[in-house]
Amino acid sequence: QVQLVESGGGLVQAGGSLRLSCAASVGSIFFSLYDMGWYRQAPGKQRELVATISSSGNTNYPDSVKGRFTISRDNAKNSAYLQMNSLKPEDTAVYYCNAKLWNGSKNYWGQGTQVTVSS
């Protein structure tokens with residue numbers, strides 16, 4: 001199995017920045033076969049997509065974060081990252097790292113890390 005461990009969450013003022021990290025317990029040769037993503041869930045809301053980066057490096061963002069968030073990956077470090085800039089209070093949520101094998105046969109989630117953006 002692949003274990004994902006998020007870090008970097010915390011409390012930040014509106015307009016500030018945070019960088020989330022997701023470390024995967026898998027070798028780099030296999031990490032490169034996973035599509036990586038970040039999702040978030042606020043109290044009373046559905047879990048929503050924040051960003052994805054495919055095994056080939058293609059990225060996707062919803063309009064709510066486009067231009068403010070950047071997802072990246074470092075296959076040599078078996079890690080994915082989410083750089084969050086210009087944070088807004090509505091970004092407050094638990095952020096989860098996700099890894100999906102290219103063929104869809106495996107899907108893993110991290111434990112989540114809390115991001116709180118104050119007004």
Side-chain angles (χ1 to χ4, degrees):
Q1 68 176 54
V2 175
Q3 293 184 337
L4 305 175
V5 179
E6 300 101 330
S7 62
L11 175 65
V12 66
Q13 291 184 335
S17 298
L18 284 174
R19 182 175 175 86
L20 306 183
S21 298
C22 173
S25 61
V26 65
S28 294
I29 190 171
F30 297 107
F31 180 78
S32 66
L33 301 178
Y34 287 84
D35 295 337
M36 301 300 296
W38 288 94
Y39 296 74
R40 67 187 182 188
Q41 187 167 24
K45 294 185 177 181
Q46 297 276 73
R47 186 172 298 186
E48 65 173 340
L49 173 71
V50 175
T52 60
I53 182 166
S54 71
S55 59
S56 60
N58 293 324
T59 59
N60 285 287
Y61 308 89
D63 289 341
S64 59
V65 307
K66 193 173 299 181
R68 299 188 299 120
F69 291 9
T70 302
I71 188 171
S72 61
R73 64 191 297 161
D74 187 338
N75 290 346
K77 296 181 178 179
N78 303 335
S79 297
Y81 308 93
L82 183 68
Q83 179 66 46
M84 303 184 293
N85 298 326
S86 301
L87 283 162
K88 305 174 181 179
E90 50 263 45
D91 294 320
T92 296
V94 177
Y95 284 70
Y96 298 91
C97 181
N98 172 260
K100 182 184 298 182
L101 194 62
W102 68 274
N103 62 6
S105 65
K106 297 180 180 179
N107 194 21
Y108 302 96
W109 293 91
Q111 81 287 350
T113 185
Q114 177 70 47
V115 172
T116 302
V117 184
S118 63
S119 301

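Small disclaimer: the values here were computed from a predicted structure and weren't measured. Quick note: numbers below take in every heavy atom, side chains included, and nothing from hydrogens, waters or symmetry partners.
- The shortest heavy-atom contact between Gln111 and Val5 is OE1-CA, 3.7 Å.
- Thr59 meets the side-chain hydrogen bond (donor to acceptor under 3.5 Å, both in side chains) test with no other residue; sequence neighbours excluded.
- Going from atom OG of Ser118 over to atom CD of Gln13 covers 5.0 Å, rounded to the nearest 0.5 Å.
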Problem set entry | Stepwise side chain to side chain contact (heavy atoms under 4.5 Å, CB included) check, Phe31 with Lys77 | CA-CA 9 Å; Phe31 180 78; Lys77 296 181 178 179; over 6 Å; no
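- Put simply, OG on Ser72 and CG on Leu82 are 8.5 Å apart, with the number rounded to the nearest 0.5 Å.
- Taking a 6.0 Å sphere around CD of Glu90, one finds it holds more than 12 heavy atoms contributed by other residues, nucleotides or ligands.
- By the side-chain hydrogen bond (donor to acceptor under 3.5 Å, both in side chains) test, Asn85 is found to be paired with Ser17, Gln83, residues two or more places apart in sequence or in another chain being considered.
- Residues Val115 and Thr92 fail the side-chain proximity criterion, which asks for heavy atoms closer than 4.5 Å.
- Counting only residues at least two apart or on different chains, no ring pair (Phe, Tyr, Trp, His ring centres under 6.0 Å) pair has a member in residues 78-98.
- Residue pairs that meet the salt bridge (Lys or Arg N to Asp or Glu O under 4.0 Å) test with at least one member in residues 23-38, sequence neighbours left out, do not exist here.
- Taking each heavy atom of Thr70 and Tyr61 in turn, the nearest pair found is CA-OH, 3.4 Å.
- Leu4 contributes atom CG, which lies 7.0 Å from atom OG of Ser25 (distance to the nearest 0.5 angstrom).
- Shown here are the ring-ring contact (aromatic ring centres under 6.0 Å, His included) partners of Tyr39, two or more places apart in sequence or in another chain: Trp109.
- Both Tyr108 and Phe30 are part of a single hydrophobic cluster, where members link through side-chain heavy atoms under 4.5 Å apart.
- Counting heavy atoms from C-beta outward, Cys22 and Trp38 have side chains that approach closer than 4.5 Å.
- Every pair passing salt bridge (Lys or Arg N to Asp or Glu O under 4.0 Å) that includes a residue from residues 41-56 is listed here, sequence neighbours excluded: Arg40-Glu48.
- Each salt bridge (Lys or Arg N to Asp or Glu O under 4.0 Å) pair with one or both residues in residues 53-66, not counting sequence neighbours, appears once here: Asp63-Lys66.
- Taking the side-chain hydrogen bond (donor to acceptor under 3.5 Å, both in side chains) definition, one finds that Ser55 meets it with nothing, sequence neighbours left out.
- Here Ser119 pairs with Pro89 under the side chain to side chain contact (heavy atoms under 4.5 Å, CB included) rule; sequence neighbours left out.
- In terms of modelled atom types and a separation under 3.5 Å, the side chain of Asn60 and the main chain of Thr52 share no donor-acceptor contact.
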For this session: Applying side chain to side chain contact (heavy atoms under 4.5 Å, CB included), run through Leu33 and Leu101 and close with a yes or a no.
Result: CA-CA 6 Å; Leu33 301 178; Leu101 194 62; 4.0 Å; yes
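- The shortest distance between side-chain heavy atoms of Val2 and Tyr34 falls below 4.5 Å.
- By the salt bridge (charged side-chain N to carboxylate O under 4.0 Å, His left out) test, Arg19 is found to be paired with no residue, residues two or more places apart in sequence or in another chain being considered.
- Contacts classified as salt bridge (Lys or Arg N to Asp or Glu O under 4.0 Å) and involving residues 99-119 (residues at least two apart or in different chains) are not found.
- The two residues Val12 and Gly16 have their closest heavy-atom pair at CG2-CA, 3.8 Å.
- Placement of Leu49 and Ile71 in two distinct hydrophobic clusters is found when ILVMFWY residues are connected by side-chain heavy-atom separations under 4.5 Å, directly or transitively.
- Checked by atom type and distance alone, the side chain of Asn78 pairs as donor or acceptor with a backbone atom of Ser28 at under 3.5 Å.
- For Arg73, there are no salt bridge (charged side-chain N to carboxylate O under 4.0 Å, His left out) partners at least two apart in sequence or on another chain.
- By the rule that hydrophobic residues join a cluster once side-chain heavy atoms approach within less than 4.5 Å of another member, Met84 and Val94 end up as members of separate clusters.
- Between Asn107 and Asn98 the shortest side-chain heavy-atom distance falls below 4.5 Å.
- Using a distance-only test at 3.5 Å, with no hydrogens or angles considered, no donor-acceptor pair links the side chain of Glu6 to the main chain of Thr113.
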